[in-house]
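What follows is a set of notes on a single structure, which appears directly below.
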Amino acid sequence: MTDRFHALAVATIRRIPEGRVATYGQVATLCGNPRAARQVVRVLHSCSENEQLPWHRVINAKGRISLSPGRGYELQQALLSDEGVEFRLDGSIDLQRFGWDGR
DNA sequence: CTCGTGACTCCCG
DNA sequence: TCGGGAGCCACGA
């Protein structure tokens, strides 16, 4: 399959439990390509055909929202906080608590 | 085909 | 904490 990564990424992202967050690298690794974080981003952009995709549960390795204010940052933060994810004063998330272990 | 760009990540200093 | 450089992959112009 040509889009196996895409399909795998979608499946993986859909597996992220509520109230938890996963990093791009995490998803990429579970898809078999630890270096394909950027491709995961593509998938998130392509979520048009998969609106069920919890894209808001995917953040960067720093535990922060990579989006810029006015580009969905507020939306993502709102969606996550609504699920019980706590943000620090600087807008970062404690991956030790809310990070998805991949199960 | 080449080039630029991107919701990335790792390594160094 | 911050910034620069390198790596990796896909897509559109």
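When reading the values below, keep in mind they use all heavy atoms of this one structure, side chains included, and skip hydrogens, waters and symmetry mates. Naming convention: chains lettered A, B, ... in sequence-line order (proteins, then strands); numbering from 1 in each chain.
- As a whole-Å value, the separation of A:Arg42 CZ from B:dT9 P is 15 Å.
- In this entry the distance linking CZ of A:Arg38 with P of B:dG6 reads 9 Å, nearest Å.
- In this structure, the CG atom of A:Asp90 is 7 Å from the P atom of C:dT1, given to the nearest Å.
- Following rounding to the nearest Å, A:Lys62 (NZ) and C:dC2 (C1') show an atom-to-atom distance of 11 Å.
- Checked by atom type and distance alone, the side chain of A:Ser46 pairs as donor or acceptor with a backbone atom of A:Arg42 at under 3.5 Å.
- A salt bridge does not link A:Arg20 with A:Glu83: every distance from a Lys NZ or Arg NE/NH1/NH2 to an Asp or Glu carboxylate oxygen is 4.0 Å or more.
- Note: the hydrophobic cluster containing A:Tyr24 also contains A:Phe5 (ILVMFWY, side chain heavy atoms under 4.5 Å, direct or indirect links).
- Per the geometry, CG belonging to A:Leu67 stands 12 Å off C1' belonging to B:dC8, to the nearest Å.
- We find that CG of A:Asn60 is positioned 5 Å from P of B:dT9, with the value rounded to whole Å.
- Under 4.0 angstrom from either OP1 or OP2 of B:dG6 there lies no side-chain N or O belonging to A:His45.
- Among the atoms of the strands shown, only primed sugar atoms or phosphate atoms (P, OP1, OP2) are found under 4.0 Å from some heavy atom of A:Ala61.
- The CZ atom of A:Arg64 sits 7 Å away from the P atom of C:dT1 (whole-angstrom rounding).
- If you measure from atom OH of A:Tyr24 to atom P of B:dC8, you get 6 Å, rounded to the nearest angstrom.
- Side chain A:Arg35 to base C:dC8: no donor-acceptor pair is found below 3.5 Å.
- Taking the side chain of A:Ser66 as heavy atoms from C-beta on, and the options C:dC2, B:dA7, B:dT9, the nearest nucleotide is B:dA7.
- Between the side chain of A:Asn33 and the main chain of A:Arg35, no donor-acceptor pair closer than 3.5 Å is present.
- Here the separation of C:dG7 from B:dA7, taken at their P atoms, is 22 Å to the nearest Å.
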